[in-house]
Amino acid sequence: MPKNRPKYLNLFQIKQPMPAVVSLLHRISGALLFFPGIPALLCGLDMALSSPEKYARLQAILTSPLAKVGLLLSLWFFVHHFCAGIRFVALDLHYGIELEQARLTSKVVLVAGVIITVLIGVVTW
């Protein structure tokens, strides 16, 4: 009996549901917070605490526009990961497990992450 399965599955052409997108972004943001995030934070802390010259150099680095964009992106990673984590804890407690509620909370997580990041960015810079 022949199988009528596709031989090549292009994942970029498949439209994922919103909860799947939030889950994928949660995993990616967590990985990016861990690997480049922690070493960069420790490097900045080392520069800030080691000498006044390195502290001045760190300030010069952090005032560049590229560094500000990187910090804003890192802030979005953190805020999204935090909001999605709260959503997943609620799902583990069986809140919002219905399909419409899951779709709504995934949209709320995406919108809240962007709004909170923009608000903190405006207040900070």
Rounded distance [0.5 Å steps], [atom1] in [X] versus [atom2] in [Y]:
X      : Y      : atom1 : atom2 : answer
Leu58  : Leu49  : CG    : CG    : 10.0 Å
Lys54  : Asp46  : NZ    : CG    : 5.5 Å
Leu45  : Ile38  : CG    : CD1   : 12.5 Å
Arg87  : Asp92  : CZ    : CG    : 10.5 Å
Leu25  : His80  : CG    : NE2   : 4.5 Å
Thr124 : Leu119 : OG1   : CG    : 10.0 Å

What heavy-atom pair brings [X] and [Y] nearest, and what distance separates the two atoms?
X     : Y      : result
Leu32 : Phe77  : CD1-CZ, 3.4 Å
Ala31 : Pro36  : O-CD, 4.1 Å
Val22 : Ala84  : CG1-CB, 4.1 Å
Cys83 : Ile116 : SG-CD1, 4.4 Å
Phe34 : Pro39  : O-CD, 3.7 Å

Item to complete: Sequence neighbours left out, what pairs pass side-chain hydrogen bond (donor to acceptor under 3.5 Å, both in side chains) with at least one residue falling in residues 63-75?
Response: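 Listed by first then second residue: nothing to list.
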
Worksheet entry | More than 12 heavy atoms from other groups under 6.0 Å of CG on Leu66 | no

Worksheet item: Is the number of heavy atoms from other residues, nucleotides or ligands under 6.0 Å of Phe78 CZ greater than 12?
Response: no

Worksheet item: Shared ILVMFWY cluster between Met18 and Val108, side chains joined below 4.5 angstrom?
Response: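 As far as the 4.5 Å side-chain criterion goes, Val108 and Met18 are not connected within one cluster.
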
Worksheet item: Transitively linked via ILVMFWY side-chain contacts under 4.5 Å: Leu91 with Ile86?
Response: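 In one cluster with Leu91: Ile86, no.
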
Discussion item. Checking Leu33 against His81 for the side chain to side chain contact (heavy atoms under 4.5 Å, CB included) test, could you report, in this order, the C-alpha distance in whole Å, the side-chain angles of both residues, the deciding distance, and whether it holds?
Written reply: CA-CA 9 Å; Leu33 283 172; His81 194 76; 4.0 Å; yes

Practice prompt. Would you sort out whether Trp125 and Leu72 count as a side chain to side chain contact (heavy atoms under 4.5 Å, CB included), showing the intermediate values?
Written response: CA-CA 10 Å; Trp125 289 292; Leu72 200 60; 3.8 Å; yes

Worksheet entry | Set of residues satisfying salt bridge (charged side-chain N to carboxylate O under 4.0 Å, His left out) with respect to Glu98, sequence neighbours excluded |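 Partners of Glu98 by the salt bridge (charged side-chain N to carboxylate O under 4.0 Å, His left out) criterion come out as none, since no residue qualifies.
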
Item to complete: Please step through side chain to side chain contact (heavy atoms under 4.5 Å, CB included) for the pair Ser23 and Arg27, ending with a clear verdict.
Response: CA-CA 6 Å; Ser23 177; Arg27 292 168 191 247; 3.7 Å; yes

Worksheet item: Relative to the ring of His26, is the ring of Phe88 parallel (under 30°), tilted (30 to 60°) or perpendicular (over 60°)?
Response: perpendicular

